[in-house]
Asks: 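Below you will find the structure I want to go over with you.
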2 protein chains.
Amino acid sequence: MAKAKNQKPDYEKMLRKAGVRITRPRRIILGILSDAGDHPDALEIFRRAVAVDGSISLSTVYRTMKLMEGMGAIHRHAFEGGPSRFEQAGGDHHDHLIDIESGDVIEFKSDRIEQLQDEIAKKLGYDIVHHRLELYGRKRRTG
Amino acid sequence: MAKAKNQKPDYEKMLRKAGVRITRPRRIILGILSDAGDHPDALEIFRRAVAVDGSISLSTVYRTMKLMEGMGAIHRHAFEGGPSRFEQAGGDHHDHLIDIESGDVIEFKSDRIEQLQDEIAKKLGYDIVHHRLELYGRKRRTG
DNA sequence: CTCCATGCAAATCGTTTGCATGAGC
DNA sequence: GCTCATGCAAACGATTTGCATGGAG
């Protein structure tokens with residue numbers, strides 16, 4: 001049978017376990033994160049949330065992001081030259097290629113690079129707590 | 001004879017070539033960058049500059065950083081959870097390992113990783129314009 | 001002597017926070 | 001009902017900018 005890891009998080013269960021309230025704004029915001037196929041920033045999440053419930057505030061979006069980030073349910077990415085963008089956690093670890101023209105984010109994974117990073121850190125006498133690998137590029141002109 | 005590349009930039013010559021004025025604040029700020037063995041942020045550069053000339057302003061530090069960055073003479077690094085930190089350009093390309101306890105920055109270089117990045121980007125149909133690889137770690141406890 | 005660069009203060013942007021009210025449980 | 005979460009507006013930190021003056025060429 002399959003390993004029960006790398007599941008998409010069940011946000012409501014996590015909130016309950018953390019002993020915090022399951023409120024309407026939280027439900028809506030987290031629903032948006034679950035549905036998102038992209039990497040929206042706080043303002044974009046706010047826009048999508050307002051489309052569902054006009055009374056939701058940007059503060060609550062930020063507060064919810066911080067709450068979920070703290071419990072490891074979402075990842076925050078501070079790509080260059082823009083606001084933080086969010087992604088639901090739970091998938092495999094991956095890095096990002098950012099299309100500098102469109103802002104699109106493409107996920108990729110390289111075990112070999114991860115391994116080399118570990119070797120480098122070890123050689124320098126460090127344990128890696130976290131890392132960030134971002135490629136900024138432009139679509140190759142298909143001449 | 002050695003290749004004349006990867007030299008430390010001669011800031012005054014660059015400024016002259018760019019047709020901008022060589023002022024006292026610029027001379028002082030750039031002198032600080034040249035002498036810096038670390039990766040100071042704007043405020044730290046400002047502090048060091050004020051120690052030389054108390055009339056220098058933080059705005060001028062920022063303006064000078066932007067000017068030099070524009071001409072490729074310095075690099076700006078937006079490490080996690082802090083202000084931008086600056087480094088004079090001209091050395092070999094390298095990436096960074098950030099000591100999350102002290103904030104110290106250790107430079108490293110991996111041709112193999114660079115090569116793998118290129119392969120990944122190519123496979124995804126992109127040309128890499130720029131990339132960012134940062135390892136955040138903690139000194140290994142030397143039991 | 002002409003502009004460009006400066007210092008200062010105010011503006012900006014993304015994000016966080018204090019406070020009084022309202023909604024989970 | 002008792003808190004905790006919310007909306008709002010104000011505060012925040014890093015950085016940028018408008019403006020009048022001063023200094024480089």
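Order of the sequence lines sets the chain letters (A, B, ...), proteins ahead of strands, with each chain counted from 1. Values below: every heavy atom of this structure, side chains too, minus hydrogens, waters and symmetry copies.
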Asks: Just the rounded figure in Å: distance from P of C:dT15 to CD of B:Glu80.
Replies: 14 Å
Asks: Taking 4.0 Å as the cut-off, does a side-chain nitrogen or oxygen of A:Thr23 come that near to OP1 or OP2 on D:dT6?
Replies: yes
Asks: Does B:Lys66 put a side-chain nitrogen or oxygen below 4.0 Å from OP1 or OP2 of D:dT16?
Replies: yes
Asks: A:Phe108 and A:Leu97: which non-hydrogen atoms are nearest, and at how many Å?
Replies: CE2-N, 3.7 Å
Asks: Is the shortest side-chain N/O distance from B:Arg24 to OP1 or OP2 of C:dT6 below 4.0 Å?
Replies: no
Asks: Please produce a list of atom pairs where a protein N or O lies less than 3.5 Å from an N or O of nucleotides 21-23 of chain D.
Replies:
from	atom 1	to	atom 2	distance (Å)
D:dG23	N2	B:Arg21	NH1	2.6

Asks: Look at B:Arg26 together with B:Glu12 and state whether they make a salt bridge at an N to O cut-off of under 4.0 Å.
Replies: no
Asks: Considering only NZ, NE, NH1 and NH2 on the basic side and carboxylate oxygens on the acidic side, decide whether B:Glu134 and B:Arg132 come within less than 4.0 Å.
Replies: yes
Asks: With a 4.0 Å cut-off, would you call A:Glu87 and A:Arg76 a salt bridge?
Replies: no
Asks: Pick the nucleotide of DNA chain D nearest each of B:Arg76 and B:Val20; which residue has the one closer to the 5' end?
Replies: B:Arg76
Asks: Which nucleotide sits closest to the side chain of A:Ala42: C:dC8, C:dT15, D:dG7?
Replies: C:dT15
Asks: Output all residues satisfying salt bridge (charged side-chain N to carboxylate O under 4.0 Å, His left out) with B:Lys109, sequence neighbours left out; order by chain, then residue number.
Replies: B:Asp111
Asks: Whole angstrom is fine here: how far is it from CG in B:Leu58 over to C1' in C:dA10?
Replies: 14 Å
Asks: What is the distance from CD1 of B:Ile22 to P of C:dT6, rounded to the nearest Å?
Replies: 12 Å
Asks: Return no unless some side-chain N or O of B:Ser55 is found under 4.0 Å from OP1 or OP2 of C:dT6.
Replies: no
Asks: Please determine whether a side-chain nitrogen or oxygen atom of A:Ser59 lies at a distance below 4.0 Å from atom OP1 or OP2 of C:dT15.
Replies: no
Asks: Rounding to a whole Å, what distance do you find between A:Arg27:CZ and D:dT6:P?
Replies: 12 Å
Asks: Round to a whole Å and report the spacing from CD1 of A:Ile56 to C1' of D:dT6.
Replies: 10 Å
Asks: Below 4.0 angstrom from OP1 or OP2 of C:dT6, is there any side-chain N or O of B:Arg26?
Replies: yes
Asks: How do B:Pro83 and B:Arg16 order along DNA chain D: which one's closest nucleotide is nearer the 5' end?
Replies: B:Pro83
Asks: What does A:Leu43 touch in the nucleic acid at a heavy-atom separation under 4.0 angstrom: a base, only the sugar-phosphate, or nothing?
Replies: nothing
Asks: Could you tell me whether A:Glu44 and A:Arg48 have a side-chain N and a carboxylate O separated by less than 4.0 Å?
Replies: yes
Asks: Does B:Arg63 reach a base, just sugar-phosphate, or nothing at all? Heavy atoms under 4.0 Å.
Replies: base
Asks: Taking OH from B:Tyr62 and C1' from C:dT6, how many angstroms apart are they, rounded to a whole number?
Replies: 17 Å
Asks: Rounded to whole Å, how long is the line connecting atom CG of A:Leu67 with atom P of C:dT17?
Replies: 14 Å
Asks: Can you tell me which residue pairs pass the ring-ring contact (aromatic ring centres under 6.0 Å, His included) test with a partner in residues 32-61 of chain A, sequence neighbours excluded?
Replies: A:His39-A:His96
Asks: Hey, is A:Asp127 close enough to B:Arg140 for a salt bridge, meaning N to O under 4.0 Å?
Replies: yes
Asks: When the distance from CD1 of A:Ile28 to C1' of D:dG7 is rounded to whole Å, what number comes out?
Replies: 14 Å
